[in-house]
Amino acid sequence: MKVGLMGGTYNPIHLGHLIISENIRTNFPLDRVIFIPTGDPPHKDNNELISAIDRYNMTKLAIESNPYFDISSIEVKREGKSYSTDTIDEFLKAMPEDELYFIIGSDTLFDLEKWKDIRDIFKKISFIVTGREGLSDNNIEDKIEEYRKKFNSKIAHVSGPKIEISSTMIREYVSEDKSIRYLVPRQVEEYIKTHRLYIVEE
């Protein structure tokens with residue numbers, strides 16, 4: 001079985017994440033996509049990061065209607081910084097019969113050399129990269145070729161819709177009391193309202 005591992009802070013998860021994941025699942029193709037909300041990400045500014053359990057709960061609500069999507073709490077439960085190399089090791093050990101692919105956006109592609117143990121990660125697992133606005137397919141292909149020569153990496157490029165919804169936009173809209181309808185799944189919108197997330201208290 002071909003399985004995609006889709007890590008992210010999901011702060012919050014939005015329709016862009018879901019559209020991109022479904023596009024990769026159907027066009028690569030993959031049999032399943034497992035969403036992995038991060039616990040304490042090492043490369044992110046954590047000032048605006050809400051609790052891992054709230055991000056996990058919203059992600060679970062967002063994917064519940066898609067039978068090909070699943071969620072892992074592996075990083076949420078981990079203490080300390082969440083490094084992808086540790087997550088990949090645990091999945092490879094738990095799913096030895098499956099072909100695993102780590103899914104990233106093209107913006108992350110250009111930061112991969114900052115990842116802990118990236119040389120070893122390239123030896124362990126293949127990547128799938130999908131484009132984001134502002135980066136041409138040629139830019140992406142050039143970077144993939146650079147990594148292939150330097151690390152003997154295996155990175156597939158799946159083109160698809162470039163959805164310019166961001167979690168930062170969602171947080172700003174909520175803090176400004178603007179509508180986020182049609183930007184996040186309805187269940188996520190309700191969860192944010194019920195738990196009063198991303199509201200700046202005066």
Side-chain angles (χ1 to χ4, degrees), residues 4-26 33-78 81-82 84 87 102-112 114-115 128-135 140 158-202:
L5 305 178
M6 180 86 168
T9 53
Y10 303 121
N11 187 34
I13 191 167
H14 53 70
L15 291 182
H17 293 120
L18 303 177
I19 292 168
I20 288 169
S21 301
E22 183 69 355
N23 178 66
I24 292 172
R25 185 189 71 79
T26 56
V33 175
I34 301 176
F35 289 73
I36 311 168
T38 58
D40 185 2
H43 300 302
K44 292 278 188 178
D45 178 0
N46 293 345
N47 290 336
E48 295 186 78
L49 197 61
I50 62 171
S51 75
I53 191 63
D54 277 330
R55 292 182 287 109
Y56 175 88
N57 288 340
M58 288 190 287
T59 305
K60 189 174 182 181
L61 287 170
I63 66 170
E64 64 183 1
S65 65
N66 190 327
Y68 299 102
F69 286 174
D70 204 346
I71 187 169
S72 168
S73 61
I74 190 171
E75 292 198 359
V76 171
K77 291 178 178 175
R78 184 181 299 149
K81 295 289 184 185
S82 291
S84 296
T87 300
F102 210 85
I103 300 172
I104 58 173
S106 55
D107 51 340
T108 302
L109 177 72
F110 286 79
D111 287 333
L112 277 180
K114 298 177 183 174
W115 284 21
I128 299 173
V129 61
T130 188
R132 297 193 67 167
E133 198 66 43
L135 287 169
I140 295 169
V158 178
S159 295
K162 295 178 173 62
I163 311 298
E164 285 311 296
I165 302 172
S166 71
S167 296
T168 301
M169 175 196 297
I170 306 295
R171 295 195 300 271
E172 288 176 354
Y173 278 21
V174 173
S175 69
E176 295 167 2
D177 200 25
K178 294 178 180 176
S179 172
I180 57 171
R181 182 175 293 183
Y182 312 125
L183 299 176
V184 299
R186 179 180 54 80
Q187 300 93 324
V188 173
E189 181 184 6
E190 291 176 354
Y191 189 97
I192 290 172
K193 288 181 179 176
T194 300
H195 294 268
R196 296 181 58 77
L197 304 178
Y198 308 119
I199 295 174
V200 179
E201 303 288 353
E202 295 184 4

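All heavy atoms count here, side chains included; hydrogens, waters and symmetry mates do not. By convention here, the first residue in the shown sequence is residue 1. No experiment lies behind these values; they were computed from the predicted model shown.
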(Q) Would you call the rings of Phe69 and Phe35 parallel, tilted or perpendicular, taking 30° and 60° as the class edges? (A) perpendicular

Q) Quick one: OG1 on Thr168 to CZ on Arg171, what's the gap to the nearest 0.5 Å? A) 4.0 Å

(Q) Checking Asn11 against Arg55 for the side-chain contact (heavy atoms from CB on, under 4.5 Å) test, could you report, in this order, the C-alpha distance in whole Å, the side-chain angles of both residues, the deciding distance, and whether it holds? (A) CA-CA 6 Å; Asn11 187 34; Arg55 292 182 287 109; 3.8 Å; yes

Q) Using 4.0 Å as the upper bound for N to carboxylate O, is an ion pair formed by Arg186 and Glu190? A) yes

Q: Determine, for Glu22 against Arg25, whether the closest basic-nitrogen to carboxylate-oxygen distance falls under 4.0 angstrom.
A: yes

Q: State whether the side chain of Thr130 and the backbone N or O of Val158 hold a donor-acceptor pair below 3.5 Å, judged by distance alone.
A: yes

Q.
Looking at Ser167 and Pro12, would you say the former's side chain and the latter's main chain have a donor-acceptor pair under 3.5 Å?
A. yes

Q: Could you walk me through whether Lys60 and Glu64 pass salt bridge (charged side-chain N to carboxylate O under 4.0 Å, His left out), step by step?
A: CA-CA 6 Å; Lys60 189 174 182 181; Glu64 64 183 1; over 6 Å; no

Q: Applying side-chain contact (heavy atoms from CB on, under 4.5 Å), run through Leu197 and Met58 and close with a yes or a no.
A: CA-CA 11 Å; Leu197 304 178; Met58 288 190 287; 3.9 Å; yes

**Q.** OH-CG distance between Tyr10 and Asn57, expressed to the nearest 0.5 angstrom
**A.** 15.0 Å

Q: Determine the minimum heavy-atom distance between Gly160 and Asn23, stating which atoms define it.
A: CA-ND2, 3.5 Å

Q: Of all the heavy-atom pairs spanning Ile163 and Gly16, show the shortest one and how long it is.
A: CG2-CA, 3.7 Å

